[in-house]
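Both ligands and their constituent atoms are indexed starting at 1 by order of listing.
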Amino acid sequence: MPIEVANAIFYASVFLGVIYGSRILEKRWPIADVPGAEFRADWLAVIVSVGLEHLLAPIAAVSAGAIASYAGLGWIKLPTEGYWWYVSLAIVVVALDLYKYTFHRLQHAIPFLWAMHSFHHSANGITFITGARHFWLERVLSDAFLPVMAILFRIPPEMAVTVGFIFFVPDACAHLNVRIPLGRYVTWINNPQWHRIHHSVQLEHRDKNFAAFFPLLDILFGTAWVPKPDEYPATGLVPAERVDIINSVIWPIRHLRRREANRGLSLGRSRR
Ligand SMILES: [Zn+2]
Ligand SMILES: [Zn+2]
């Protein structure tokens, strides 16, 4: 069997195994009941966004390559001898977390970015796969124009893979629909309850808990909402939206039109 086919089968099995494992946990200890229609809408949104991102990845790579050849790659060469490997790994994890936190705050603050990021927040029922639900152009643009980490750090490939694995746990698993009673450790590492506050429909939770890895960043920068033990709010946009295949492709246009329509409605109401 060719090595590429063997690799593809291996990664597909791991992927399906992780999805299957997440479903078992979500059925056993759910935070909230996610109706079948919401779950299917989430899957559809993920398939459209991941498909288009992969289709356009070569274009993003050309742009990122041009920027990298202009700016230069790996400005900072981190030491990797002996225990320095672990020190460098920690530096990259903290730097990536800071970058993700900053970009995420901008996604909420800049209307052009929110028009795309609101697609992620349109999930009314959050499950493991919601973590992969992002508007397709958002990923393409950030890959094409913001190769920040590659420009900043020169690290060996196996360290890059390790960073990917390390981030998988708090970042991707933050969307698990699983009740994990962490008690006072809820502020130690990003987790489903911490991130659920970020997706909350409640006004007091708006623009809180941006962190991908360390909630400490939210605490330091004044965006933390430490949830009470039983605080698991409803999630989604206000008013709620339901995505289908068309608006998964044209989301920002549809989203902005809906916002204008809602603004018109509330103005009409306030005049009466
Ligand atoms: Zn967000
Ligand atoms: Zn999220």
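- For F135 and W251, the ring centers sit 6.0 Å or farther from each other.
- Taking the ring centroids of H120 and H198, they lie at or beyond the 6.0 Å cut-off.
- A parallel orientation is assigned to the rings of Y99 and F103, their planes being inclined by less than 30° (bins at 30° and 60°).
- Below the 2.8 Å limit, the Zn ion (ligand 1) has as protein N, O or S neighbours H104 NE2, H108 NE2, H117 NE2, H121 NE2, H198 NE2.
- The N, O or S atom of H195 with the smallest distance to the Zn ion (ligand 2) is NE2.
- Inter-residue side-chain proximity for F213 and I166 is flagged as met; some heavy-atom pair is nearer than 4.5 Å.
- Scanning for side-chain hydrogen bond (donor to acceptor under 3.5 Å, both in side chains) contacts around Q202 gives E204, with sequence neighbours left out.
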Margin query: Applying side-chain contact (heavy atoms from CB on, under 4.5 Å) to V18 and F168, what does each step give before you reach the verdict?
Written below: CA-CA 11 Å; V18 168; F168 175 78; 4.0 Å; yes
